[in-house]
Structure formats: C-alpha cells, structure tokens
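Here the structure is a predicted model, which means the values were calculated and not measured.
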Amino acid sequence: MAVASRQPLRPYPLEASVKKAVPAIVLLLFCSGLACLASAGPAARSDRLAVLESQINAYTAAAGYKDDMYGLHVVRAALASVREGSGGIGACLVDSVTGQVVETGRNRQYTPYFRSDFHAEMDLLNRYENRVKKQRSGTGDLDPRHCPGLVLVTSMEPCPMCLARIINSGIKTVLYVEEDKTGGMATRLNQLPPFWREFAADREFRRAECSPELRQMAHDLFHLSKREFAKKTRGSVLPSNNSN
C-alpha cells in the first residue's frame with residue numbers, strides 16, 4: 001500500500017475536459033444546483049439519496065486511483081450517516097503496512113441524540129483510542145501519540161475542530177476524498193495558531209487519489225446535510241455596534 005506517498009497529484013481528465021468544454025456560467029449554475037441540495041424539500045432529498053445509494057452500491061474501486069478502495073469505504077460510511085439523519089461524512093484508519101482498515105467512524109451528531117463533537121473524524125479517533133487504550137509511561141519513553149504507519153482517510157476535508165484533534169492524536173498522514181471549500185482546514189494550515197502550525201509541521205494533509213466519480217459522491221453526500229444549522233442563524237445575527 002502506498003497511501004502515504006508524497007508524489008504530486010496528477011490532473012484528473014474529467015476536470016480538465018469540463019473546464020475546457022463548459023462555459024463558466026454553466027459551471028456556476030451546476031455548482032449552485034449542487035449546493036442547493038441541502039435546502040431541497042424532503043421528497044427531493046429522499047429521491048436524490050436513493051439515486052446516490054444506488055450509485056454507491058454499484059460502484060467498484062477504479063483502477064489507476066490508488067486510494068479508491070479506501071475512498072469507497074468512507075463514502076459508504078458517510079451514506080450510513082445520512083441514512084441515520086446525521087452529516088454525510090465517513091472516515092477510517094488504514095494500516096499502511098498491511099493495507100487493512102483498522103477502524104471506521106462516521107458522523108453521529110444527531111443519533112441517538114445530539115453530540116456537537118461527534119464529527120466523523122472525532123468518532124473514528126474515539127473508537128480507536130478507546131479500543132487500544134494507549135498509556136503514557138512515567139518516564140516519558142512511551143508516547144501515546146506514536147502512530148506508526150497509520151493513515152486517516154476521510155470523505156471530506158477536516159474542519160478546524162477535527163483537524164486539531166487529528167494533529168493532537170499523533171497521526172502523520174491524512175487523506176480526504178473531497179475538499180470542503182467553505183469549512184475545511186487542511187488546506188489552510190498556514191492560518192492555524194502558531195502552536196498548532198508548529199505541531200503539524202511534520203504531518204501530511206492532501207487530497208486522496210480517488211476517481212472523479214467517487215469524489216462527486218462524497219461531495220453530494222455532504223451537501224445533502226450541509227450545515228443547515230448555520231443557514232438558520234444567518235437571519236438572526238445581532239447587528240454590530242456600528243449599525244444605525
């Protein structure tokens with residue numbers, strides 16, 4: 001298994017052809033339509049979820065994309081989260097030596113009851129750390145943050161809360177199937193506070209090498225449940241002191 005490779009990502013053929021063939025206005029409308037999935041009515045969302053579930057169940061890992069098998073694993077976990085009424089994100093830990101998935105997690109914020117901390121990566125690390133029960137020795141020669149060969153794969157770029165938890169866990173390599181352009185933190189490492197930026201200096205955060213189709217599935221599952229709570233608060237923000 002070579003999930004921790006530092007080779008640069010190769011361009012995706014589908015992306016290149018779309019950029020050349022589709023006018024900018026059409027791309028804008030297409031992206032806007034995807035972003036509106038979360039605000040669609042219950043029937044429309046149910047229909048879209050059924051289509052996505054069919055696509056995911058029929059999908060097999062694509063040759064030529066070395067992380068596709070793990071990307072499919074976390075997308076399936078994300079689907080289970082949406083089915084339960086939580087956010088559409090899944091995550092797993094992979095042993096890069098054996099290639100085996102050693103732990104799986106998913107967003108559980110709303111099931112069985114609300115837990116604001118239960119993002120997919122948080123759930124994953126809770127399960128792993130509760131199972132292995134690492135200890136810190138009194139002499140300091142045993143470091144519970146020592147995670148040799150472990151790679152964290154998530155269906156969406158980690159948010160600030162999850163990124164800090166991942167850094168604190170000691171895991172060195174993080175792959176995400178799709179970027180979160182409005183809430184992701186892995187692509188904004190230079191904006192971390194100085195302590196966390198230095199703590200993360202020896203880590204690798206990058207997009208997984210997955211097919212465009214699988215990346216789209218991860219994107220769509222996330223947007224079926226994307227931050228509805230934030231939309232509800234936008235109209236009730238208190239005016240600033242400079243307001244008339």
Do Arg48 and Asp220 pass the salt bridge (Lys or Arg N to Asp or Glu O under 4.0 Å) test, and can you show the C-alpha distance, the side-chain angles, and the key distance before you say yes or no?
CA-CA 9 Å; Arg48 182 58 183 144; Asp220 289 354; 2.5 Å; yes
If you look at every heavy atom in Glu178 and Ala218, which pair is closest and at what distance?
CB-CB, 4.4 Å
Under 3.5 Å, is there a donor on one side chain and an acceptor on the other for Ser86 and Gln109?
no
Got a donor-acceptor contact below 3.5 angstrom from the Ser81 side chain to the Arg106 backbone?
no
Quick one: are Glu204 and Lys172 in side-chain contact, heavy atoms under 4.5 Å?
no
Polar side chain donor-acceptor pair, Arg165 to Asn126, under 3.5 angstrom
yes
Apply side chain to side chain donor-acceptor pair (under 3.5 Å) to Lys133 and list each qualifying residue two or more places apart in sequence or on a separate chain.
none
Identify the two heavy atoms, one from Ser155 and one from Val177, that lie closest to each other, and give their separation to 0.1 Å.
O-CB, 3.5 Å
All ring pair (Phe, Tyr, Trp, His ring centres under 6.0 Å) counterparts of Tyr113, not counting sequence neighbours
none
Under 3.5 Å, is there a donor-acceptor pair linking the side chains of Thr187 and Glu157?
yes
For Arg145 and Asn168, which I'm curious about, is there any donor-acceptor pair between the side chains at under 3.5 Å?
yes
Restricting to salt bridge (Lys or Arg N to Asp or Glu O under 4.0 Å), what partner residues turn up for Arg115, sequence neighbours left out?
Asp117
Nearest 0.5 angstrom please: Glu213 CD to Asp68 CG, how far?
8.5 Å
Give me the other members of the hydrophobic cluster that Val51 sits in, counting Ile, Leu, Val, Met, Phe, Trp and Tyr linked by side-chain heavy atoms under 4.5 Å, directly or via other members.
none
What's in the same ILVMFWY side-chain cluster as Phe118, cut-off under 4.5 Å, chained through other members?
none
Can you tell me if Asp67 uses its side chain to pair, donor with acceptor, with the backbone of Tyr70 under 3.5 Å?
no
Apart from Leu93 itself, its cluster of hydrophobic side chains linked below 4.5 Å comprises Val102, Leu124, Leu125, Tyr128, Val132, Leu150, Leu152, Leu163, Ile166, Ile167, Ile171, Val174, Met185, Leu189, Leu192, Phe195, Trp196, Phe199, Phe205
